Structures are given as structure tokens and as C-alpha cells.
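We name chains A, B, ... by the order of the sequence lines, and we start the count at 1 in each one. Since the structure is predicted, the reported quantities are computational estimates derived from the model, not experimental observations.
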Number of protein chains: 2
Amino acid sequence: MKYITIKDIAKKLNTSVSTVSRAFNDKSDISAKTKELVLKTAKEMGYRQNRMAKNLVQKRTYNIGIVVPEFVNSFFPEVIMGAQEVLFKKGYQVLITQSNECYTTELKNVQSLENSMVDGLLISLSSETDNIDYYQDLVNSGFPIIFFNRTYKEIKASKVLFNDYKWAMFATEHLIRQGYKNIYHLQGIKSLTLSKERRRGFVDAHKKHKLTYDKSQVITSGFHMEDGEKIAAQLIENNTIPDAIFAANDQLAMGAMSVFKKHGFKVPKDIAFVGFSESKMGSMVEPPLSSVKQPTFEIGKQAAKLLLDQIEAGTKHTPQTVKLDGELHIRESSLKK
Amino acid sequence: MKYITIKDIAKKLNTSVSTVSRAFNDKSDISAKTKELVLKTAKEMGYRQNRMAKNLVQKRTYNIGIVVPEFVNSFFPEVIMGAQEVLFKKGYQVLITQSNECYTTELKNVQSLENSMVDGLLISLSSETDNIDYYQDLVNSGFPIIFFNRTYKEIKASKVLFNDYKWAMFATEHLIRQGYKNIYHLQGIKSLTLSKERRRGFVDAHKKHKLTYDKSQVITSGFHMEDGEKIAAQLIENNTIPDAIFAANDQLAMGAMSVFKKHGFKVPKDIAFVGFSESKMGSMVEPPLSSVKQPTFEIGKQAAKLLLDQIEAGTKHTPQTVKLDGELHIRESSLKK
DNA sequence: TTGTATGCGTTATCAT
DNA sequence: ATGATAACGCATACAA
């Protein structure tokens with residue numbers, strides 16, 4: 001397939017490439033007549049601009065890359081939509097890339113985008129990622145990049161985070177106030193900062209209300225529904241039945257809840273559940289699941305804004321951290337009547 | 001931020017750019033010693049390859065673009081994962097783009113990717129898209145592109161489709177066999193081929209079983225849960241109560257089901273439900289929703305394979321259509337006991 | 001307003 | 001095995 005270039009157009013019109021180029025770039029120094037003519041013949045000839053060449057000379061792509069670990073849950077898709085809203089408005093294109101919770105893929109994605117494909121990066125790390133050297137180097141080299149949601153405390157860069165500690169504490173306190181006393185926490189993957197923060201909120205709520213708390217009440221696993229199911233099955237087998245469960249996400253909560261229900265436990269009479277990062281599914285199950293709602297859309301918007309600021313500021317920007325708040329949506333799964 | 005180029009490396013090493021270039025491209029005609037030296041100093045200097053320049057001269061990007069209308073449902077994410085699996089294996093990167101069901105955005109996405117960002121495109125059209133001229137032109141120009149799932153009959157290009165007709169018919173027949181006689185069909189957005197096909201399956205199942213069928217039994221709307229809710233509310237208000245509903249997707253089915261339940265109807269005793277494109281959520285609601293499972297992962301794989309074949313074949317490929325089959329998962333929502 | 005010439009960072013061709 | 005140089009398609013400084 002043969003590409004039409006501005007050279008071809010210039011030749012056909014007996015003009016120069018600069019004139020043609022000017023026509024496409026809304027420059028002032030070109031007569032309306034020639035401009036129109038160029039645009040018309042370009043269309044006729046089936047011309048399509050070569051972005052590679054353009055980006056090469058301009059050293060800008062007007063592309064922004066987003067790297068997320070998954071999008072089976074609606075969390076990341078919603079964040080992306082938020083980011084797209086502000087980026088589109090500023091004339092940026094958005095290239096999304098998915099690491100499938102795999103560090104190697106994530107790194108490949110980042111490298112591929114970073115190598116002059118995009119002007120900046122929005123990234124949420126995979127659950128597998130435990131080496132942040134590469135990212136820190138990238139940041140230090142001056143590449144515009146914002147970390148959101150899943151990141152590490154140690155990384156010195158701009159971040160958009162949710163106040164996990166505060167809302168985990170609120171969620172736990174809600175259970176305590178409802179009279180639950182033997183509350184377990186499914187914390188998901190241990191190493192992530194957000195898991196640590198949610199766990200800290202859980203523990204501190206116990207301290208604040210002078211409730212005894214034992215380490216065995218916090219259970220580590222993956223983040224999927226199946227993990228929740230397994231944990232519930234194990235608890236039942238061991239006959240250690242909590243009277244409430246606070247999970248680090250809705251998937252875990254729903255997985256566990258379904259197994260307990262299957263074994264004849266009544267929710268929330270026998271055992272209550274609270275999830276995190278409210279999912280649509282959570283409000284559809286029986287009984288509807290209480291959960292902490294994160295401002296997904298807003299996270300995306302804030303991250304995008306921070307990124308654009310950083311691109312604008314060049315090297316002289318200073319890392320910033322935005323911490324957002326949410327809401328605790330209380331539903332039947334944790335409401336003692 | 002200053003970019004390090006192969007020129008800089010060459011200068012530092014007192015060698016030529018060609019030598020440096022060779023070091024990075026696993027060429028045979030370079031001594032192991034110089035190669036190692038180049039790679040080492042490149043790393044020290046913080047060199048990162050400029051893909052724009054490379055792609056410009058090679059006229060290849062080893063990127064594949066995927067354009068989807070949304071990823072709030074798990075359908076498209078799963079398709080993407082399937083596509084990624086085969087694409088990654090062949091050394092391709094995947095750039096995803098989301099149109100948010102908006103034709104203008106979709107077009108922007110395609111144009112941005114098409115302009116030398118990617119070697120080929122996998123696309124599923126937005127529900128708003130009703131003008132296919134641009135796409136047909138693109139295909140005719142020889143650009144490698146595969147349409148999947150949401151497309152138009154009229155487009156002459158390679159496609160990966162689900163056998164919507166057959167499985168809509170099976171789903172309807174299942175309801176008929178269960179003894180339901182007054183079945184309504186929520187068809188979602190009317191204009192899409194898949195909607196037409198599912199509707200045709202619904203109608204033909206009635207014909208086959210010599211059941212009377214009236215046009216009012218097919219209801220058009222959007223594809224969201226809220227649409228299902230509205231339709232159900234309307235039906236209840238009009239006191240036209242079907243004894244079964246076959247919806248074009250799970251969202252519609254669940255939306256309608258929740259409203260009927262809220263109004264005291266028993267599922268499936270008073271009214272049965274069957275969805276389409278099985279979602280995880282569907283199996284979590286009460287009662288679990290019967291649905292047609294599409295081979296999402298396989299759709300992605302097939303589309304990717306077709307695309308790679310097309311890129312390989314160049315201009316002399318012929319359009320191909322792959323039609324895939326699925327399964328009908330029968331659950332409580334449509335099981336008369 | 002238009003044309004000429006140069007460079008963006010890389011690979012590829014052709015010498016050496 | 002290595003080096004010089006011409007592309008790739010475009011934008012732009014400068015000249016006209």
C-alpha cells in the first residue's frame with residue numbers, strides 16, 4: 001500500500017511542500033485560496049498525515065498513555081473515562097494499555113509508550129510489581145508521569161490517591177457501631193500501599209473503640225472473587241466464624257458472602273459484610289453489599305490534570321500528592337435491624 | 001529534558017552511528033566486543049530509543065490498535081485479553097482506545113491510530129455509529145482492519161462475529177419449551193446488526209413453534225441496566241405483563257428483573273428472564289440469570305489472528321468472516337419447576 | 001504569500 | 001567489522 005505524502009501533493013499542485021504543510025497546520029501565512037485547493041486535492045488523493053514524521057520533528061505526540069493492571073472490574077474503566085474527559089478537551093489522544101497484573105507486561109507497556117509514543121503517562125501498578133527502580137529512574141529522568149491508586153509510598157513522584165486509611169476506618173467503625181465484635185478483614189494483596197492503609201484503618205478502628213484484635217483476624221489473599229470464596233470455605237471448615245467481614249474490595253466480599261450463604265448463614269443476621277471500591281455488582285446481589293465508594297471518575301480527572309500541569313511545567317515541577325475522599329454506602333449486608 | 005541519541009553515543013565512543021544502530025538491532029555484522037561496549041555506555045548515558053524515528057524509516061510500528069465502544073461490561077475487556085495473548089506472542093504491542101459509544105470520538109481514535117501509529121486495527125463500532133463510509137474507504141485503501149462483534153453487514157471487510165441468530169433462537173426456544181407463551185424481547189439498540197440478528201432469532205423461534213407473535217413484543221431501547229428498569233416500569237404501569245423476557249444483554253435483563261421483583265413478581269414463577277453475553281454479575285443476582293455465553297476470549301484471539309494474516313498477506317488478502325458459537329447457560333431465572 | 005534548505009533520530013545501502 | 005551517507009515524511013527558519 002502506497003502512502004501519499006505532502007511531496008506528492010506539492011508535485012501535483014506545482015507548489016512546494018512547505019505550502020502544503022502550512023495548509024494542514026492552520027498557519028496564518030497562506031492564502032485562503034491555496035489552502036482550500038491543497039486541502040481539496042489532498043482529500044482527493046487520499047492523503048493521510050504521517051504522525052511518526054510529525055512527532056519526530058515536533059518532539060511531541062499529543063498522546064497520553066494510561067497503564068492499568070486490569071479492567072475486568074469497573075474501577076479502572078471509570079478512572080480512564082474521567083481522565084479521557086479532561087485530556088480530550090485539551091486535544092490529547094489516549095492510549096490505554098493493560099498489564100494483566102503482570103510486571104513484565106507492565107514494563108513492556110511502559111517502555112513501548114515511553115519511547116516517544118506519548119508525552120506523559122498515567123499508571124496504576126500491577127499487583128505483581130514489587131520493583132520500582134525502573135519507574136523511579138523514569139521519573140528522575142524528567143518523564144511526566146502520574147501514579148494513581150496502586151502505587152508505592154517509596155516512589156517520589158506525583159500521585160492521586162484515595163484516603164484508604166480514613167475510609168477503611170469508617171467502614172470498620174460502622175460495623176463496630178452496629179454491634180459486631182468479631183470482625184475479620186480480607187486485605188487482598190499484602191504488599192500494596194492501599195492494602196496496608198486499609199488494614200491500618202481496620203486495626204485503628206479497633207484500637208479507638210477499645211476492641212480486642214488479633215492478627216489472625218486479617219487474612220491475606222489475591223483480589224478476586226475466588227479468593228473470597230476460598231477464604232470463606234476455609235473459615236467454615238475451621239469453624240472460626242466471624243460475625244462480620246470487612247473486605248478490601250467488593251469481589252472478596254461477594255465471594256465470601258456467597259459461600260457463607262450457601263452454607264446456610266444468614267446475612268447480615270449471622271454474619272455481616274462490607275466491601276470496598278463500590279461495584280455495580282455489589283448493589284445487585286442479595287442482600288445488597290455495603291461498600292466504600294471511591295470517586296473513580298474524579299481520580300481520573302485529577303490525575304489527568306496533574307499530568308498536564310507537569311507536562312506544561314517541564315522539569316521545574318514539584319511532585320504533588322492528591323488524596324481524595326469517598327462515601328460509605330450502607331446497605332442491607334451490614335445493617336442489623 | 002534532553003534526549004540522548006545514537007549520535008551522542010557514537011561521539012562518545014568515537015565510532016559511527018551505524019555501529020551503534022547495529023548493536024541495538026542484533027545484527028550479525030558486529031563484533032561481540034563493540035556490541036557489549038555500546039550497550040553498556042548506552043545504558044550509562046540513559047539512552048532510550050526513539051520509536052518515531054525507527055518507525056518512520058521502517059514503515060512498521062509493531063503496534064496494533066483496538067477500538068472498543070466501552071469497557072464497563074466485561075465483554076470487551078475479555079476480548080482484548082484474548083487478542084493480547086496472540087499479539088504479544090508475535091511481538092506486537094497493543095494500544096487500546098475507547099469511544100465511549102460516541103461516533104466522533106471513535107473516528108478520532110481510529111484516525112489517530114491509523115496515521116502510522118499502528119500496523120493494523122481491531123474495531124467494534126459504537127452504538128451511535130451509523131455512517132460506515134470512512135471505514136469502507138479505509139478498508140479499500142488497503143489498511144489492515146478487522147471488525148468484531150459490533151459491525152454492519154454492509155461493510156466489506158474481514159469480521160469476527162458471534163452467531164447471534166442461532167443462539168437467540170435457542171434461548172427463545174428454551175423459554176418456549178419451558179411453557180412460556182407470552183415472551184417479550186428487549187432488543188436494545190435497533191440499528192446494530194447483532195440486534196437485528198437476535199431479534200430475528202427471537203421471531204423465528206416463535207414461527208418454528210407456531211406461536212403467535214406480535215410486533216409489540218419487541219421493545220427497543222439502549223443497552224444499559226437503566227433501560228431495562230424503565231421498560232419494566234412501563235410494562236407494569238400499562239399492566240401488560242409478559243410471562244417471560246428475553247433480553248439482548250444481561251444488563252437489560254437484570255434491570256428489568258430487579259424492577260419486577262420490587263413490584264412483588266416472583267422469578268421465574270410469575271416471569272422468567274434470559275439474558276445474553278453472559279456477565280459475571282448475572283450469576284450473582286437472585287435468582288441467577290440464564291444467559292447465552294459468548295466466547296469472548298476466543299473472539300479476541302480469532303480477530304487478532306485474522307489481522308496478523310492480513311498484515312502478512314498485504315494487499316492480496318480476501319475478506320473473511322468467522323462466526324463463532326457459544327453456550328446457553330440455563331439458571332434459575334428461567335427454570336419452571 | 002511562497003519556495004528552499006535543513007534537521008528530527010533512526011535504519012539501510014553501499015563502500016571500505 | 002566498520003563508516004559515510006541517503007533516505008523516511010514532516011515542520012520550520014530563512015530567503016525571496
Bend angle of the helix from dT1(C)-dA16(D) to dT16(C)-dA1(D), from helix axes over five pairs at each end, nearest 10°:
40°

Which donor-acceptor pairs under 3.5 Å do the side chains of residues 82-89 of chain A make with protein atoms, sequence neighbours left out?
none

Let me know the distance between [atom1] of [X] and [atom2] of [N], rounded to the nearest Å.
X        : N       : atom1 : atom2 : value
Glu36(A) : dT1(C)  : CD    : P     : 15 Å
Asn14(B) : dT2(D)  : CG    : C1'   : 13 Å
Met52(A) : dA11(D) : CE    : C1'   : 17 Å
Asn55(A) : dT10(C) : CG    : P     : 15 Å
Tyr3(B)  : dT10(C) : OH    : P     : 11 Å
Asp8(A)  : dC8(D)  : CG    : P     : 10 Å
Arg51(A) : dA11(D) : CZ    : P     : 10 Å
Ile9(B)  : dT10(C) : CD1   : C1'   : 12 Å

List the protein contact pattern of nucleotides 11-16 of chain C with one symbol per nucleotide (5' to 3'): B for base contact, S for sugar-phosphate-only contact, - for none; contact means a heavy-atom distance under 4.0 Å.
BB----

Looking only at the side chains, is there a donor atom on one of Asn109(A) and Ser99(A) sitting less than 3.5 Å from an acceptor on the other?
no

Say whether Tyr135(A) and Glu106(A), considering side chains only, have a donor N or O and an acceptor N or O under 3.5 Å apart.
yes

Glu154(A), CD: over 12 other non-hydrogen atoms inside 6.0 angstrom
yes

Could you tell me whether Glu44(A) atom CD has more than 12 heavy atoms of other residues or ligands within 6.0 Å of it?
yes

Where each residue is assigned the nucleotide of DNA chain D containing its nearest heavy atom, which of Leu56(B) and Thr15(B) is assigned the position nearer the 5′ end?
Thr15(B)

Got a sec, which residues hit salt bridge (Lys or Arg N to Asp or Glu O under 4.0 Å) with [X], two or more places apart in sequence or on another chain?
X         : value
Lys153(B) : Glu197(B)
Glu128(A) : none
Lys12(B)  : none

Cation-pi geometry met for Arg60(A) and Tyr62(A) (6.0 Å, 45°)
yes

Short side-chain N/O contact to dC8(D) OP1/OP2 from Thr5(A), under 4.0 Å:
no

Indicate whether OP1 or OP2 belonging to dT2(D) is found under 4.0 Å from a side-chain N or O atom of Thr34(B).
yes

